[in-house]
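First the proteins, then the strands, lettered A, B, ... as listed; each starts at 1.
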Protein chains: 2
Amino acid sequence: MCDEKTGRESLISKAKNGWQCVQEEVIRRIQTRVWEPGSLLPNEVDIATEFGCARSTVNRALQAVADKGLIERKRKGGTRVVIHPEHKATFNIPIIRQQIEQQDLEYGYSLIKTRHAIPPAAVRDRLPDDVSEEILHIRAVHTADGLPYVLEDRWIDTRVVPSADEADFSAQSPNQWLLENIPYSGGTLRLSSENAKAADAKALSCDVGDALFIAERLTLTAERETITIVRLCYAPGYQMAIEL
Amino acid sequence: MCDEKTGRESLISKAKNGWQCVQEEVIRRIQTRVWEPGSLLPNEVDIATEFGCARSTVNRALQAVADKGLIERKRKGGTRVVIHPEHKATFNIPIIRQQIEQQDLEYGYSLIKTRHAIPPAAVRDRLPDDVSEEILHIRAVHTADGLPYVLEDRWIDTRVVPSADEADFSAQSPNQWLLENIPYSGGTLRLSSENAKAADAKALSCDVGDALFIAERLTLTAERETITIVRLCYAPGYQMAIEL
DNA sequence: GAGTGGTCTAGACCACCCT
DNA sequence: GGGTGGTCTAGACCACTCC
């Protein structure tokens, strides 16, 4: 099943499974420019014939390659090698508590304050409608072995999630509470870098001006309503590692 | 095909396609805790019977849900709802030039220096074997409308990629050259934040101490040999946006 | 209109792994 | 041993879109 036209077993292939084997060979041909960038691949039937397998096996393989961003497929248009292949990576958005405990550190959490307020312009800009009402605002610190790890500054739209008003955020972080109680659907993540302001420095026990890693996340319901906007300020030295 | 036991068409479902419809319903049941975290799902045959479709359709749907990280599947063990579903996100690792041009800015590139040297300890630590030979070191700046955008500080293992010695990096950035000439396979990406050092500030026309967004990338061949280590220092104000 | 990929089906065999 | 998911097959129909 891993043979080519020659009938010899491919010595390169690592997987004997079938569609994964086809996938490997396809990727190899793209990388080695047997199939050049921008060019058209043979159709599924022809590839299936060449590999001596069913069309659906080839289909599975090509869909996987397409998911990786190496090829584009169109009905009638055929399958084409992408010109500028962007590397795609998938990573997990970490749950703070797990992230800390995975490093064998003791997780801690302390609420700084909760209040209802009209969000500042910087937050309102990212909300779909203009918020003139007061919504829930929470500030809290997550600690690892007692040391500040990340500062959580969160706005929850209580018009969308009224039950948040009854939650006890002194015992459970809003991060955790939302994950366990509100179905997520999608959103946006923005990573950036900022110098610590006085308030940040105080909460994170670092110096004013220190470079902080910032993750700002917007979370939506399935109906595209904004649940929450959170700004996570990680203490200096934090790294986010992603396998490619 | 989108019916439940009731026989009524699901009003919620948006996709009529088949496996995507099954997928939606499965996700809905997980989110609404019809199938609770940690619990076992019915086996594929039973689900197929309930939905009135073939097992392979259910298989396709469940594999997709598993890819999203909501369920775990084991042979004989069955399919289980993951206890702490981590949000998984996929994003594109940007090609610098494209990234700039997509914002309708004029891309520019200027080489600072190339040389052969023994990498410093911080870089050697991340290489698999201990490098005692001199390898290729390149520093360059990418600009947007003439303003520094990102500082590229790269080490290329010329024992793995000897052809890099012949490349002309004054005309083409190593970023681009590698993408176009060397097949990638995998690696690691680390995102972090650092205060600008004097050399960084000079190259990026910013102030010493400014918070810089750092992306450090290790790239490997299919044989797990290290091709290159690059450290990208983005100018202040940079944001990396990811859709979830 | 016609060729392509997208999907579904019914059946089959196998690898894994829990009990 | 037996139940589960993983995969393959051969055939079929459909949706899209290029020509």
Side-chain angles (χ1 to χ4, degrees), chain A residues 1-4 9-10 13-27 29-30 35 38-83, chain B residues 1-4 9-10 13-27 29-30 35 38-83:
Chain A
M1 203 146 318
C2 285
D3 307 8
E4 300 186 27
E9 281 182 12
S10 167
S13 109
K14 294 161 194 168
K16 297 171 182 176
N17 250 342
W19 71 265
Q20 298 191 7
C21 168
V22 176
Q23 187 196 28
E24 275 186 19
E25 175 60 15
V26 168
I27 289 175
R29 287 190 192 176
I30 292 170
W35 288 330
S39 68
L40 212 55
L41 269 62
N43 68 35
E44 295 187 344
V45 178
D46 289 347
I47 295 177
T49 308
E50 183 198 333
F51 282 87
C53 65
R55 179 172 82 96
S56 55
T57 303
V58 173
N59 185 279
R60 183 101 158 77
L62 291 184
Q63 287 205 7
V65 178
D67 281 342
K68 294 194 176 190
L70 291 177
I71 56 177
E72 276 178 351
R73 324 189 71 205
K74 277 183 203 166
R75 294 173 149 135
K76 165 68 180 178
T79 302
R80 208 169 274 282
V81 180
V82 162
I83 309 142
Chain B
M1 204 143 321
C2 285
D3 307 9
E4 300 187 27
E9 280 182 13
S10 167
S13 109
K14 295 160 192 167
K16 297 171 183 176
N17 250 340
W19 71 265
Q20 298 190 8
C21 168
V22 176
Q23 187 196 33
E24 275 187 19
E25 175 60 15
V26 168
I27 290 175
R29 288 189 192 178
I30 292 171
W35 289 330
S39 68
L40 212 54
L41 269 63
N43 69 34
E44 294 186 346
V45 177
D46 289 347
I47 295 178
T49 307
E50 182 198 334
F51 282 87
C53 65
R55 179 170 82 98
S56 56
T57 304
V58 173
N59 185 279
R60 183 104 160 74
L62 291 184
Q63 287 205 7
V65 178
D67 281 342
K68 294 194 176 190
L70 291 177
I71 56 178
E72 275 178 352
R73 325 189 71 204
K74 277 182 203 165
R75 295 174 152 142
K76 164 68 182 176
T79 302
R80 207 170 274 283
V81 181
V82 163
I83 311 139

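- In this structure, the CD atom of B/Glu44 is 13 Å from the P atom of C/dT9, given to the nearest Å.
- Side-chain proximity of A/Ala54 to the nucleotides D/dC16, D/dT9, C/dT7 is greatest for D/dT9.
- In this structure, B/Arg60 reaches the sugar-phosphate backbone alone: every heavy-atom distance under 4.0 Å involves primed, P, OP1 or OP2 atoms, never a base.
- Contact annotation: A/Gln20 side-chain N/O to D/dT7 OP1/OP2 distance is under 4.0 Å.
- Nearest approach of A/Val58 to A/Cys53, heavy atoms of both residues: CG2-SG, 3.8 Å.
- Within the model, atoms CZ of B/Phe51 and OG1 of B/Thr57 stand 11.0 Å from one another, a figure rounded to the nearest 0.5 Å.
- Of the listed nucleotides (C/dT7, D/dG3, D/dC18), D/dG3 has the atom at the smallest distance from the side chain of B/Lys76.
- Nearest-nucleotide positions on DNA chain D for B/Gly77 and A/Gly77 put B/Gly77 closer to the 5' end.
- Atom P of nucleotide D/dC8 and atom CZ of A/Phe51 are separated by 13 Å, given to the nearest angstrom.
- Distances shorter than 4.0 Å separate none of the side-chain N or O atoms of B/Asn59 from OP1 or OP2 on D/dG5.
- Rounded to an integer number of Å, the gap from CZ of A/Arg80 to C1' of D/dC18 is 11 Å.
- The phosphate of D/dG6 (OP1 or OP2) has a side-chain N or O of B/Gln63 nearer than 4.0 angstrom.
- Looking only at side-chain heavy atoms (C-beta outward), B/Asp67 and A/Asp67 stay at 4.5 Å or farther from each other.
- An OP1 or OP2 oxygen of D/dT7 is reached within less than 4.0 angstrom by no side-chain nitrogen or oxygen of B/Ser56.
- Here B/Gly78 lies in heavy-atom contact (under 4.0 Å) with sugar-phosphate atoms only.
- Taking atom CD on A/Gln23 and atom C1' on D/dG6, their separation rounds to 15 Å, with Å as the unit.
- The shortest heavy-atom contact between B/Ala64 and B/Trp19 is CB-CZ3, 3.7 Å.
- A heavy-atom distance below 4.5 Å is found between the side chains of A/Asn59 and A/Gln63.
- In the set C/dT7, C/dG3, D/dG5, D/dG5 carries the atom at the smallest distance from any side-chain atom of B/Arg75.
- Note on B/Thr79: only backbone sugar-phosphate atoms sit closer than 4.0 angstrom, heavy atoms only; bases stay farther off.
- With hydrogens and angles left out, the side chain of A/Arg55 and the base of C/dT7 share a donor-acceptor pair within 3.5 Å.
- Going from atom CD of B/Glu72 over to atom P of C/dC18 covers 13 Å, rounded to whole Å.
- Distances shown here put a side-chain N or O of A/Arg73 below 4.0 Å from the OP1 or OP2 atom of C/dG6.
- Between the NZ atom of A/Lys74 and the C1' atom of D/dC18 there is a distance of 10 Å, rounded to whole Å.
- Comparing C/dC16, D/dT9, C/dT4 by their nearest atom to the side chain of A/Asn43 picks out C/dT4.
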